[in-house]
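Remarks on the structure that follows.
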Amino acid sequence: MQTPILSIQNIGKAFPGVKALDGVSLNLYEGKVLALLGENGAGKSTLMKIISGVYTADSGSIMYEGKSVAFKNPREAQEAGITIIHQELNLIKELSIAENIFLGREPKGVLGRINWKKLYSDAQTLVDRMGLKRSPEVLVGALSIAEQQLVEIAKAVSFNAKVIIMDEPTDALTELETECLFKLMRDLRAENKAIVFISHRLEEIFEVCDQLTILRDGKPVCDAEVSDFTQEKIIEAMVGRKLEDQYPFVPAKADSKVILSVKNLENARTHDVSFDVKAGEVFGISGLVGSGRTELAKTLYGLNGFEKGDITLDGESVRFKSPSEALKKGLAYISEDRKSEGLVLGLSVAENMTLSCLDQFVGKAGNISKTKEKEVVASYISKMAVKTPSQSQIIKLLSGGNQQKVAIAKGILNQPKVLILDEPTRGVDVGAKKEIYEIINQLKAEGMGVIVISSEMPELLGISDRIMVVHEGRNKGILERSEASQEKIMSCALQ
């Protein structure tokens, strides 16, 4: 019987108000990919951070290559051959791709100076392996979220580690980029690497994983071969119940009025784009990474200016000079990058949720009514099923998926006429995804126009009334729900 390269036994970990892990055990084997699954807050990321030296376990033991270990920090783990690709990006945007990949490990010449030629050459090899069509000299700040994710993966691979932990690596990637990552994972498996793969996209588990471990509320539920499971059985084990109808869809009313009209919009990244969004519909936007989807959304929201074109919101011609102006007029945008653009990580759940709509809670004396604020926040914590010990919990201590739900609630609290959701279910588990879809349906019923940008084509096909495909900043077609398919979307995206 094969001996595990890494064996974890009865790991326990608690944070203030939260028992994150309780008696968790698992084994990793060389040349195998282990899927670690569970809902947001189940303890997956906490467990991986313990393995990689970010956190210290309160109880339990870790055996690595036959020896007991307790890494004090990530550098110790990396030097031992364990590296992690974190769910949240950890890159320096002011440095180049190459500098980020080899930060602190730059190749040096005889005089101790950085050998830039070798640095860029080594980085180019990794960039090519990722399928990233960028020069290694490009600053990371100029990259999209998906491209930054590929740089994170390249950085992890550069350590030539024996154990590679991938925490939601495909969240920001399109299907083509995901396929490139899967090829890399198969290559690494053939090189006898042990890989932990965390993903909420359950169809991916059957593509690249050999074994699976499922956690629920910090406790192990099962440990088995992937071949013994179906997607339905995985969902049932994760949530503790059957999950019916993954994409609940309520069609928009046929006679709905146009709430947002965009005509011939033009700037550096958006080219002659026109479309309408109706009240009470979900208008999906699809396209490959770099297609200009997010740039278009930020133009509508007033973050990017435009040279030509017209935007009409609820019958009024608008040209927003700032996001605050857009919010006041009734257009809200929830960024795909919650860490940098969506949340203030040092503030509480309540403070983040109400940050952009504090005027709603101002009383007669001009002071903010904390009672009213608490009531509203409590209702949205319940509605969004946010797992948090309290409203005052610092938001960076929540799981990524729960942070995302707070970011969405922040947008909804502004009661916009049009809500733009950029990758709204990124890092969100299957149970919470359905809850978000049901909230979107509720917003539709209230007459809100909802624009959803997503890299997950099944998601767009499942929840959208219509889908616009964007390629190189241009509208390549708008598909009605009845005619939309993955094949048609890809055909438009690659024109």
Side-chain angles (χ1 to χ4, degrees), residues 93-94 139 141-145 257-279 281 283-285 287 290-345 347 351-362 366 368 406-424 443 447-453 468 470 472-475:
K93 295 184 178 181
E94 293 77 17
L139 295 183
L143 305 181
S144 69
I145 295 297
K257 70 172 183 176
V258 172
I259 192 76
L260 176 71
S261 181
V262 178
K263 302 295 183 188
N264 308 116
L265 203 62
E266 185 84 33
N267 63 16
R269 296 296 302 275
T270 302
H271 308 296
D272 195 30
V273 171
S274 299
F275 63 93
D276 293 332
V277 178
K278 297 175 184 177
E281 82 162 336
F283 186 80
I285 299 181
S291 62
R293 301 170 307 174
T294 294
E295 288 75 16
L296 171 60
K298 290 184 174 180
T299 299
L300 298 176
Y301 190 50
L303 278 165
N304 299 334
F306 59 94
E307 289 82 48
K308 298 178 184 177
D310 298 290
I311 302 174
T312 304
L313 179 60
D314 199 17
E316 179 186 353
S317 179
V318 294
R319 191 183 184 96
F320 303 129
K321 296 177 182 177
S322 67
S324 60
E325 188 179 337
L327 276 174
K328 287 177 183 176
K329 289 288 186 178
L331 190 147
Y333 168 70
I334 305 302
S335 171
E336 64 175 333
D337 187 359
R338 59 177 174 263
K339 185 177 181 181
S340 299
E341 299 177 348
L343 301 168
V344 181
L345 298 181
L347 296 183
E351 288 167 328
N352 271 281
M353 204 176 281
T354 62
L355 191 59
S356 60
C357 61
L358 288 172
D359 56 335
Q360 293 183 23
F361 308 106
V362 176
I368 292 174
V406 173
I408 294 171
K410 184 178 74 170
I412 297 172
L413 264 167
N414 284 281
Q415 299 175 325
K417 299 168 184 175
V418 175
L419 177 67
I420 304 174
L421 299 172
D422 196 349
E423 303 287 2
L443 299 176
M448 190 182 297
V450 184
I451 298 174
V452 176
I453 301 170
M468 179 173 73
V470 177
E472 294 183 348
R474 300 181 187 277
N475 174 1

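All residue numbers refer to positions in the sequence shown, counting from 1.
To the nearest 0.5 Å, atom CG of residue D422 and atom CG of residue D337 are 9.5 Å apart. Of the inter-residue distances, the one linking L347 atom CG with M353 atom CE reads 13.0 Å to the nearest 0.5 angstrom. The NE2 atom of H271 sits 8.0 Å away from the CD atom of E472 when rounded to the nearest 0.5 Å. Note that CG of L296 is 5.0 Å distant from OG1 of T270, once rounded to the nearest 0.5 Å. Here CD1 of I285 is found 7.5 Å from CD1 of I420. Values are rounded to the nearest 0.5 Å. Here the CG-CG distance, from N414 to L419, works out to 9.5 Å after rounding to the nearest 0.5 Å.
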Kindly determine whether D314 and K257 satisfy side chain to side chain contact (heavy atoms under 4.5 Å, CB included), including the steps that lead there. CA-CA 9 Å; D314 199 17; K257 70 172 183 176; 3.0 Å; yes
Please walk me through it: do N475 and V470 pass side chain to side chain contact (heavy atoms under 4.5 Å, CB included)? CA-CA 5 Å; N475 174 1; V470 177; 5.8 Å; no
Salt bridge (Lys or Arg N to Asp or Glu O under 4.0 Å) evaluation trace for R293 with E423: CA-CA 11 Å; R293 301 170 307 174; E423 303 287 2; 3.7 Å; yes
Let me see the working for I259 and D276 under side chain to side chain contact (heavy atoms under 4.5 Å, CB included), right down to the final yes or no. CA-CA 8 Å; I259 192 76; D276 293 332; over 6 Å; no
Mind running side chain to side chain contact (heavy atoms under 4.5 Å, CB included) on E336 and T294 for me, showing each step along the way? CA-CA 8 Å; E336 64 175 333; T294 294; 3.3 Å; yes
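No side-chain heavy atom of K410 sits less than 4.5 Å from a side-chain heavy atom of N352. L327 is not listed as a side-chain neighbour of F320, based on a closest heavy-atom distance of 4.5 Å or more. D272 has its side chain out of reach of K263: every pair of non-hydrogen atoms, C-beta onward, lies at least 4.5 Å apart. Using a 4.5 Å heavy-atom threshold, the side chains of V273 and F275 count as touching. Between S274 and L265 the shortest side-chain heavy-atom distance does not fall below 4.5 Å. Between K329 and L331 the shortest side-chain heavy-atom distance does not fall below 4.5 Å. Side-chain contact check for V277 versus V258: every heavy-atom pair is 4.5 Å or farther apart. When side chains are defined from C-beta on, L421 does not count as touching I453, because their heavy atoms never get closer than 4.5 Å.
Atom NZ of K417 sits in a crowded spot, with more than 12 heavy atoms from other residues, nucleotides or ligands closer than 6.0 Å.
The two atoms that bring G411 and A332 nearest to each other are O-CB, 4.2 Å, heavy atoms only. Residues C357 and L413 approach most closely at SG-CB, 3.8 Å, considering heavy atoms.
Under 4.0 Å is where a charged nitrogen must lie from a carboxylate oxygen, and between K298 and E341 at least one such pair does.
With hydrogens and angles disregarded, a donor-acceptor distance shorter than 3.5 Å links the side chain of E281 to the backbone of K278.
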Under 3.5 Å, which donor-acceptor pairs do the side chains of residues 299-311 form with other protein atoms, sequence neighbours left out?
unit_1 : atom_1 : unit_2 : atom_2 : d
T299   : OG1    : N267   : ND2    : 3.0
T299   : OG1    : E295   : O      : 2.8
N304   : ND2    : E295   : O      : 3.3

